Student: 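The following block contains the structure, expressed as structure tokens.
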Amino acid sequence: MALSVNFVTDLQELFRYPFMQHALEAGTIVAVIAGIVGYFVVLRRSSFAAHALSHIGFAGAAGAVLFAVNPVYGLLLFTGVGGSAMAVLSPRAAHRDVHIGTVLAFMLGLGVLFISLYAGNSSQTYSILFGQILGISSSDVILTLAAGVIILAVVAVVYRPLLFSSLDEDVAEAKGMPTFLLGIVFMLLVAVATSIAVQVVGVLLIFSLMVTPAAISQQLAKRPRTAIMISVTIALLATWLGLSIAYYGPPYPVSFYITTLVFGFYLLVRFVYRRVRPLTAYRAALKET
Amino acid sequence: MNTITPEIVSARNLTAGYSNGTVWREASFTVNRGEFVAIIGPNGAGKTTLFRLILGLQQPLGGNIEIFNAEPRRGNPLIGYVPQRHGIDSETNIESLELVRLAFSGKNWGVSLSGRDREAALGAMKDVGAQDLAHRSLSVLSGGELQRIFLAEALVSGPELLLLDEPLSNLDLRHEKDLVQLVNSVVRSRNVTALLIAHNINPLLPFLDKVIFIANGKVATGKPEEVLTSESLTALYGVPVEVLHDSRGNVAIVGIEQHHGDE
């Protein structure tokens with residue numbers, strides 16, 4: 001596929017094949033959800049828990065493949081149970097890295113067992129680990145959409161309590177807010193978001209959509225709503241650009257492009273923006289004097 | 001809930017602890033409306049435990065405690081709480097106004113559409129002289145500035161009892177003095193009651209109505225001049241202790257035989 005000079009034709013071309021349509025639809029939903037849920041993951045400093053959940057999901061997906069079930073269902077089951085267990089056993093998940101690490105290693109081991117028991121080809125395993133956005137079926141898109149709508153609805157309802165308890169858990173608890181329940185809801189949100197995001201970037205690259213865009217946005221904006229919008233925008237841009245480059249450019253894995261683009265944004269903000277910002281502030285201060 | 005009587009906190013033979021043991025026992029004291037009270041004692045003496053009892057986050061092991069003449073309950077809107085923070089630090093890039101707004105309306109489900117929380121938050125920030133900090137990120141505020149924000153966060157819902165857990169730790173002498181004066185002016189101007197946990201009683205001494213001294217599993221309460229005496233603290237610690245005064249009225253508590261010096 002070659003790029004023409006006409007942007008509209010290029011865009012139409014992107015949507016020509018169903019596999020690209022599905023990829024763009026599912027990728028868009030996943031980017032929006034990952035950008036939003038990721039904001040809370042970073043704010044609560046639960047990125048390791050999110051990482052672990054994706055590995056727990058790997059065992060579920062591998063198990064589902066073994067029993068010839070759609071891997072997403074295995075992911076949802078394992079991440080749902082694993083996420084709730086983490087929230088119940090260690091309410092302040094960020095502080096229990098060792099326990100989480102122990103469970104995730106075991107789960108990864110379990111995944112390896114399921115894969116070895118599975119006699120089919122290894123491409124399924126590969127796509128669970130690294131994502132296979134171009135292999136998404138129309139029923140996967142519907143499932144992704146349903147999961148996305150549920151996540152959006154739940155976040156809209158719990159937004160303020162979740163934000164406050166993520167930011168200031170002790171005061172939230174003293175105010176009588178259901179911090180324990182919110183912790184479980186949060187982990188379930190991460191579980192569902194992880195399960196659908198695995199289709200796009202795989203369990204090993206989940207950070208690129210669930211953590212990095214939100215981490216970048218929290219450097220750029222100090223108002224939660226603005227930060228969430230930036231986080232979603234970065235995830236969307238990376239997904240769309242990643243798909244387009246894979247389509248028009250060298251046919252390397254889409255998840256490689258997505259992770260590279262996200263990493264590029266990260267470097268830009270980490271090293272360029274941080275240097276430019278003090279300069280801008282300095283110039284503004286000069287103007288005032 | 002009766003808020004007309006002067007008793008805000010009253011404890012009778014109160015014993016506190018956890019499933020693995022008692023922290024302190026048999027404490028009886030009252031705190032009245034408009035009083036500024038310091039809770040003093042060594043690390044691990046159970047000062048925060050007293051706050052947890054007042055907040056209804058923990059049940060007493062024995063005795064009885066009443067807050068506003070009722071059993072303590074979680075989520076009492078008459079209490080404003082400033083815990084010792086660990087979650088908010090130099091990584092928390094959130095505007096301070098957002099935190100105070102959430103303290104006002106964070107309990108509500110859904111997304112905020114009215115501007116009421118914003119107005120209330122700006123008002124509370126003005127009351128503590130932090131209006132200039134409203135749009136600055138929590139991550140760049142100094143220790144003293146952060147404590148002002150936390151105080152605004154506690155005051156925003158209009159409480160009648162303030163619980164401040166070690167707000168003076170990590171502050172230099174000047175900011176320590178500023179914050180104590182600020183708390184004192186809040187207590188006097190709003191006629192609220194403040195319980196403040198501290199390690200060093202000296203910056204608080206000129207303003208205090210009462211001291212709750214917790215050490216060695218026991219609790220001594222009274223006016224500062226009653227509690228901070230060699231006799232009273234010797235009885236509390238169970239070892240000979242001497243209270244020394246300097247020319248400016250500062251006190252130092254020293255062990256006479258064992259030289260491991262608690263504060």
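This structure is a prediction, so every number in the text was calculated from the model and none was measured. Each chain gets a letter, A, B and so on, in the order its sequence line appears, and its residues count up from 1.
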Student: Please tell me if the side chains of B:Q84 and A:D170 come closer than 4.5 Å, counting only heavy atoms from C-beta onward.
Tutor: no

Student: Looking at B:D89 and A:R45, is there a salt bridge between them, counting it only when a charged N and a carboxylate O are closer than 4.0 Å?
Tutor: yes

Student: Quick check on A:L43 against chain B: is it the side chain, the backbone, both or neither that has a heavy atom closer than 4.5 Å?
Tutor: side chain

Student: Hey, is OH on A:Y266 packed in by over 12 heavy atoms from elsewhere, all under 6.0 Å?
Tutor: no

Student: For A:A221, is it the side chain, the backbone, both or neither that has a heavy atom under 4.5 Å from a heavy atom of chain B?
Tutor: backbone

Student: Are the side chains of B:S105 and A:R160 in contact, using a 4.5 Å heavy-atom criterion?
Tutor: yes

Student: Is B:L57 close to chain A through its backbone or its side chain, or both, or neither, when contacts mean heavy atoms under 4.5 Å?
Tutor: side chain

Student: Heavy-atom cut-off 4.5 Å, strictly under: side chain, backbone, both or neither for B:S157 against chain A?
Tutor: side chain

Student: Examine whether an atom of B:I79 lies under 4.5 Å from a heavy atom of chain A, and if so say whether it belongs to the side chain, the backbone or both; otherwise answer neither.
Tutor: neither

Student: Does any heavy atom of chain A fall under 4.5 Å from the side chain of B:A154, the backbone, both, or neither of them?
Tutor: neither

Student: When you compare the side chain of B:E98 with that of A:R225, does any pair of heavy atoms fall below 4.5 Å?
Tutor: no

Student: Under the 3.5 angstrom rule, does the side chain of A:K175 hit a backbone N or O of B:P77 as a donor-acceptor pair?
Tutor: no

Student: Heavy-atom cut-off 4.5 Å, strictly under: side chain, backbone, both or neither for B:E91 against chain A?
Tutor: both

Student: Would you say the side chain of A:F164 lies within less than 4.5 Å of the side chain of B:L99, judging by non-hydrogen atoms?
Tutor: yes

Student: Judged by atom type as modelled, is there a donor-acceptor pair below 3.5 Å linking the side chain of B:R74 to the main-chain atoms of A:M177?
Tutor: yes

Student: Kindly indicate whether the side chain of A:K222, heavy atoms from C-beta on, has any atom under 4.5 Å from the side chain of B:N93.
Tutor: yes

